[in-house]
Each structure stands twice: as structure tokens, then as C-alpha cells.
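A short write-up of the structure that comes next.
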Amino acid sequence: MNDIEKTYFNLEDTYLDITKNYLKVDESNVDTALFQHTGVYSFFGAVLAYAKRELDRASNNKDREEAVVREARRSELVASGKKATDRALDAYVKTVSSVQEQENRLEVCTHRYNLAKNIVNSLDHQKDMLVQISANKRAESKLISDNFGS
């Protein structure tokens, strides 16, 4: 398992640590954050892409399982001479444990995707903040050198 997969599978447990380690910026670490931002953004962008792929897979698996269960039930009803209404089939599909397992997997994947998306969105905000802080520091340095350097 690579670092992207490890991060993805542990997002719920490490989310607070990630935000503290990668998103916290103060006067003492502005320069470090600026230099590391591209790599951190790239890494969490990859985690987000992985999360999206897992979410899509979970959604497809759930849809497929529902279709298989629905068709099997429809065939049973028709074979026994009963009418297979959409409402009856929908209700039945919701009671099948294999479909519920796929739904649960989809919920987990959705949650992890949202966590990864929040991190990437926070990194976007951090970038804007770092650019502004850096510009302010340069302007302050220029002002000081203009006033005291002459």
C-alpha cells in the first residue's frame, strides 16, 4: 500500500493531525509553508483523486448489486404469477443485506472523499493566505529599507 492509499484509508483517524501539520501557518513557519505548499497540495490532490475513484467504484458496485437483486426478485415474482411493480421491487431491494453492504461502503467512500476535498479546499485557501502574507512581508521590508536604508 502506498502513501496515498494509506492516507486515504486513515483519513478519519488522521484528519486532525493533517490539519495541524499541513494547514497551520504562523509567523514562524510562513517561509517553510510557502516552499512546501506545492508538494503538499500535489499529494493531497492525489489523495482526492484516489478518493474520487473509490467513490465512483462504490457507486457503480451499489448500482450493479441493486440491479442484480432487483432482476432476480422480478424473475421470482413473474415466475410465481405475481406482478412485479417498481414499488414492490424498490422496497425489496432495500431489505437485502448485500445491497445494504454496498450502501454502507458508498457512505464510507463519500465521507472520505469529502474529507479529502476539505483538505484540498483548505490548501487552496492557505495558498491565497501565504501569497498575501508573503506580499505583505515584502512590502514591509521595502518600506523599512526605503526609510532606513537611504
Side-chain angles (χ1 to χ4, degrees), residues 1-140:
M1 186 179 300
N2 65 41
D3 289 343
I4 292 167
E5 292 168 326
K6 286 178 192 171
T7 301
Y8 169 78
F9 285 109
N10 293 301
L11 272 173
E12 295 96 341
D13 297 332
T14 60
Y15 188 82
L16 188 57
D17 291 333
I18 289 169
T19 58
K20 286 179 182 178
N21 293 334
Y22 297 104
L23 297 171
K24 182 181 176 201
V25 176
D26 57 38
E27 286 293 323
S28 67
N29 72 345
V30 169
D31 290 334
T32 302
L34 267 169
F35 289 120
Q36 292 178 346
H37 190 272
T38 302
V40 171
Y41 190 93
S42 178
F43 177 78
F44 285 105
V47 173
L48 179 59
Y50 187 89
K52 177 67 170 132
R53 184 177 74 183
E54 290 298 304
L55 177 60
D56 290 345
R57 284 180 178 170
S59 180
N60 290 338
N61 288 342
K62 178 184 168 275
D63 291 347
R64 213 173 0 262
E65 184 64 21
E66 284 180 349
V68 167
V69 167
R70 185 181 187 89
E71 181 55 29
R73 180 63 173 170
R74 189 193 68 72
S75 294
E76 284 176 21
L77 291 173
V78 169
S80 68
K82 296 180 182 173
K83 188 173 180 181
T85 66
D86 284 341
R87 188 172 181 174
L89 292 173
D90 289 344
Y92 176 76
V93 165
K94 290 179 182 182
T95 67
V96 176
S97 63
S98 64
V99 173
Q100 189 57 50
E101 288 170 15
Q102 294 298 326
E103 178 66 33
N104 291 342
R105 168 107 173 93
L106 180 61
E107 288 174 9
V108 167
C109 291
T110 300
H111 180 64
R112 287 181 184 153
Y113 173 80
N114 287 329
L115 291 175
K117 189 173 177 182
N118 287 345
I119 291 168
V120 171
N121 286 340
S122 295
L123 286 165
D124 278 332
H125 291 293
Q126 182 189 56
K127 175 194 67 168
D128 295 341
M129 182 181 68
L130 288 169
V131 167
Q132 187 60 50
I133 289 170
S134 181
N136 290 350
K137 284 176 100 177
R138 284 192 308 274
E140 184 179 318

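Each residue takes its place number in the sequence, starting with 1.
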To the nearest 0.5 Å, how far apart are CG in L115 and CG in N10?
12.0 Å

side-chain contact (heavy atoms from CB on, under 4.5 Å) between V25 and V30, worked out:
CA-CA 6 Å; V25 176; V30 169; 3.9 Å; yes

Is the backbone of T38 close enough, under 3.5 Å, to the side chain of S42 for a donor and an acceptor to pair up by distance?
no

Worked verdict on S98 versus V69 for side-chain contact (heavy atoms from CB on, under 4.5 Å):
CA-CA 9 Å; S98 64; V69 167; 4.0 Å; yes

Could you state the interatomic distance from OG (S80) to CD (E76), rounded to the nearest 0.5 Å?
8.0 Å

side-chain contact (heavy atoms from CB on, under 4.5 Å) between L77 and L89, intermediate numbers included
CA-CA 10 Å; L77 291 173; L89 292 173; 4.2 Å; yes

For Y22, does the OH atom sit with more than 12 other heavy atoms under 6.0 Å from it, leaving out its own atoms?
no

Under 3.5 Å side-chain donor-acceptor pair for D128 and Q132:
no

Test of understanding: with salt bridge (charged side-chain N to carboxylate O under 4.0 Å, His left out), list the residues that count as partners of D90, not counting sequence neighbours.
R70

Rounding to 0.5 Å, atoms CD1 (I133) and CG (L34) come to a distance of 8.0 Å

A side-chain contact here means heavy atoms from C-beta on lying under 4.5 Å apart; do I119 and V47 qualify?
no

Applying side-chain contact (heavy atoms from CB on, under 4.5 Å) between E107 and each of E103, R105, H111, report the one that passes.
E103

Charged N to carboxylate O below 4.0 Å: is that the case for K62 and E65?
no

Would you mind reporting whether E54 and Y8 have side-chain heavy atoms less than 4.5 Å apart?
yes

Quick one: CZ on F43 to CG on L123, what's the gap to the nearest 0.5 Å?
11.5 Å

Any donor-acceptor pair under 3.5 Å from E66 side chain to D63 backbone
no

Grab the two heavy atoms, one from L11 and one from R112, that are nearest each other, plus how far apart they are.
CD1-O, 3.5 Å

Within the side chain of T7, is there an N or O that forms a donor-acceptor pair under 3.5 Å with the backbone of D3?
yes

Counting N and O atoms only, with roles assigned by atom type, does the side chain of T14 sit under 3.5 Å from a partner on the main chain of D17, one being a donor and the other an acceptor?
no

Of the non-hydrogen atoms in Q100 and K94, which two are nearest, and what is the gap between them?
OE1-O, 4.3 Å

Nearest heavy-atom approach of E71 to R74 is OE2-NH2, 2.6 Å

Spatial distance of atom CD (Q102) from atom CG (N60) [nearest 0.5 Å]
10.5 Å

How close do I4 and N2 get, counting heavy atoms only, and between which atoms?
N-OD1, 2.9 Å

One should read off an interatomic distance between D124 CG and F44 CZ, to the nearest 0.5 angstrom, of 13.5 Å

Shortest non-hydrogen contact between A51 and Y113, atoms and distance
CB-CA, 3.7 Å

